[in-house]
Amino acid sequence: MQPDLTIPTLLPAAPEILLAVGAMVALMIGVFRNDKNSSITAGLSMALLIAAGILVWLVPADGAALFGGSFVLDPFARLMKTLVAIGSAVAILLSVDYMRYGHLTRFEYPVLMVLATCGMFVMVSANDLIALYLGLELQSLSLYVIAAIQRDSVRSTEAGLKYFVLGALSSGMLLYGASLIYGFTGTVSFTGIAGSVAATGASVGLIFGLVFVLAGLAFKISAVPFHMWTPDVYEGAPTPVTAFFSAAPKVAAMALMVRVVIEGFPALTGEWKQIIVFLSIASMALGAFAAIGQRNIKRLMAYSSIANMGYALVGLAAGSEAGVRGVIIYMAIYIVMSLGTFAFILAMRRGDTTVETIDDLAGLSRNNGFAAFMLAMLFFSLAGIPPLAGFFAKFYVFLAAIEAELYALAVIGVLTSVVGAYYYLRIVKIMYFDEPVARFEPMGGELKAVLGVSGFAMLIYCLYPAPLVAIAGTAARSLF
């Protein structure tokens, strides 16, 4: 019997439909109007993302399943889709200044970001291996093109090529793992897989399949040892693209990983915990130590991203409701810290030349006190220094690990946080105590607004953390 695909039954997928149709409309407008400065398509794309983020909360039926159970809408999906939409919309906003100076004048850029976001929405709601792969590839194919969007730049082209080659490898690994899981369980549904494993137990082939699937997903969040693309792509891609990569795709991939292991393999918690613990420790350690010697701020943020994904995985390794709640809180705070930091990196410009070295920040406090203070708050938060929001993000994931008796993992997380604090504090020292160098160009209004809101949010979170904790708790409960 075919499912009844009437308009009321498709309402839970309305945000995805809006993004897909809207992207096609924006593409046609860009083509026929010859929108060389991207302003029309950028504005329309931002409106689509904001509308989709709002629509996620307006459509009814929590827990609704569409397309034979392949697509679900639950509190977890609603919250993570909202974070993805915010990350994508702010990334387009950050691009406005870059477009204004003629560095990024292709109307395809915001359209591809909308298509990538549509793929991320599908990833977050995926409830079987087919939907997982469809969402992942829609996101990935868009991101490959975005990374190489500046065709006249050797660095951008190289970044896109590296990302594509390594991304294709990770997709192959994920598909191979999915085929093994299907072969040993006879189903692609997460619910069906969980039932099959509970009834018959785990076979060696099924565990191998799980390992390959997690390896493919680890690439998307740039967890060690699948991180090798991250520093080169972060440095080579245009800075607004790097800002986008650091935010929304990480949230979507982490949400997908959480759903796969919690809903698909609850009977194999002991097995996948070992994989997650290894990914977490390796990512925290490499991200902390490899960033110390970096002089390019975008490469430093790449290693910072790797370390931060390791900290988020600490919560997932706990395998509990408190752990998933910690992951959600961590990703929500991380996306704000990351976008705020990149808002300033985009403003590092002298004349028509963008600069990216950390030494260019020397004496910033005397040239631009507001930007220096807000950036310092973001770096203190990334370092996990109380009472800023980044401290609470780490507190919740480490607490969940301790409750799950993963004491060694929590201790390693704290120690790597101390190591990581060195390179964040070094930047603050350079901004406040080194001799000033030439001023940057005045910040655009969009960049100043994002930097200010992000830094202020890190400061005041400790005064009123309850709303985020409550909504994250509700989202986590929906998976158990």
Side-chain angles (χ1 to χ4, degrees), residues 162-163 166 170 214-215 217-237 242-243 245-247 249-251 253-254 257 275-317 326-327 329-331 333-342 345 356 358 378-385 388-391 393-398 401 406 408-428:
K162 285 180 178 177
Y163 192 27
L166 294 172
S170 74
L214 290 180
L217 295 177
F219 175 89
K220 301 303 178 185
I221 62 169
S222 61
V224 177
F226 307 100
H227 67 287
M228 66 289 292
W229 62 275
T230 313
D232 291 337
V233 172
Y234 269 49
E235 182 182 11
T242 307
F245 280 13
S246 73
K250 297 290 177 67
V251 173
M254 185 64 73
M257 183 176 276
I275 303 170
I276 300 298
V277 167
F278 169 75
L279 294 173
S280 176
I281 292 174
S283 300
M284 291 188 295
L286 184 133
F289 286 99
I292 291 175
Q294 301 302 318
R295 292 296 175 265
N296 183 291
I297 195 165
K298 286 167 69 177
R299 287 186 74 88
L300 183 141
M301 289 304 296
Y303 285 109
S304 169
S305 170
I306 293 168
N308 277 286
M309 292 305 101
Y311 296 128
L313 288 173
V314 170
L316 181 56
V327 172
I329 294 172
Y330 197 98
M331 295 309 296
I333 292 174
Y334 169 73
I335 199 173
V336 176
M337 295 188 294
S338 180
L339 289 170
T341 305
F342 274 101
I345 294 173
E356 298 176 356
I358 294 171
L378 291 169
F379 282 132
F380 282 142
S381 186
L382 282 164
I385 294 174
L388 300 174
F391 166 77
K394 291 181 178 177
F395 171 77
Y396 284 114
V397 293
F398 291 158
L406 298 173
L409 180 61
V411 169
I412 292 170
V414 172
L415 293 177
T416 54
S417 293
V418 174
V419 174
Y422 165 77
Y423 55 82
Y424 294 124
L425 298 181
R426 175 177 169 271
I427 297 175
V428 176

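Note that the structure is a prediction, hence the values are computed from the model and not measured.
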G310 versus S280, closest heavy-atom pair with distance:
O-OG, 2.8 Å

Roughly how far apart are I297 CD1 and T341 OG1, rounded to 0.5 Å?
8.0 Å

Start with the C-alpha distance between R299 and D232, add both sets of side-chain angles, then the distance that settles side-chain contact (heavy atoms from CB on, under 4.5 Å), and finish with yes or no.
CA-CA 7 Å; R299 287 186 74 88; D232 291 337; 3.1 Å; yes

Can you check whether R426 reaches I292 side chain to side chain, under 4.5 Å on heavy atoms?
no

Report the residues that fulfil side chain to side chain contact (heavy atoms under 4.5 Å, CB included) with A317, sequence neighbours left out, ordered by chain and then residue number.
I276, V277, L406, L409

Going by the salt bridge (Lys or Arg N to Asp or Glu O under 4.0 Å) test, which pairs reach into residues 285-296, not counting sequence neighbours?
none

Residues passing the ring-ring contact (aromatic ring centres under 6.0 Å, His included) test with F245, sequence neighbours excluded, are Y163

Minimum heavy-atom separation for K394 to L382, with atom names?
NZ-O, 3.3 Å

Taking the side chain as everything from C-beta on, heavy atoms only, tell me whether M254 gets closer than 4.5 Å to L217.
no

To the nearest 0.5 Å, what is the distance between CZ (F278) and CG (L214)?
12.5 Å

Which residues pass the salt bridge (Lys or Arg N to Asp or Glu O under 4.0 Å) test with K298, not counting sequence neighbours?
E356

Tell me the closest heavy-atom pair linking L279 and A218, and the distance in Å.
CD1-CB, 4.0 Å

All side chain to side chain contact (heavy atoms under 4.5 Å, CB included) counterparts of V411, not counting sequence neighbours:
L415

With rounding to the nearest 0.5 Å, note down the distance linking CE in M337 to CE in M301.
8.5 Å

Side chain to side chain contact (heavy atoms under 4.5 Å, CB included) partners for A302, two or more places apart
T230, P231, Y234

Counting C-beta onward and ignoring hydrogens, is there a side-chain heavy-atom pair between F391 and I385 closer than 4.5 Å?
no

Side chain to side chain donor-acceptor pair (under 3.5 Å) partners of Y334, counting only residues at least two apart:
S305

Would you please name every residue forming a side chain to side chain donor-acceptor pair (under 3.5 Å) with S222, sequence neighbours left out?
K250

Would you check if Q294 and Y423 make a side-chain contact, meaning some heavy-atom pair closer than 4.5 Å?
no

Kindly write out the residues that satisfy side chain to side chain contact (heavy atoms under 4.5 Å, CB included) with V224, not counting sequence neighbours, or none if the list is empty.
H227, A282, S283, L286, I306

So do Y330 and Y396 actually touch side chain to side chain, heavy atoms under 4.5 Å?
no

Interatomic distance, T416 atom OG1 to I281 atom CD1 [nearest 0.5 angstrom]
9.5 Å

Heavy atoms only: give me the nearest I358-L300 pair and the separation to one decimal.
CD1-CD1, 3.6 Å

Of the non-hydrogen atoms in A389 and I333, which two are nearest, and what is the gap between them?
O-CD1, 3.5 Å

Looking at every heavy atom in both A312 and V327, which two are closest together, and how far apart are they?
O-CG2, 3.2 Å

Less than 4.5 Å apart, side chain to side chain, heavy atoms only: is that true for V428 and F380?
yes

S304: which residues meet the side chain to side chain donor-acceptor pair (under 3.5 Å) condition with it, sequence neighbours left out?
N308, Y424

Can you name the residues that form a ring-ring contact (aromatic ring centres under 6.0 Å, His included) with F219, not counting sequence neighbours?
W229

Which residues pass the side chain to side chain donor-acceptor pair (under 3.5 Å) test with S246, not counting sequence neighbours?
S338

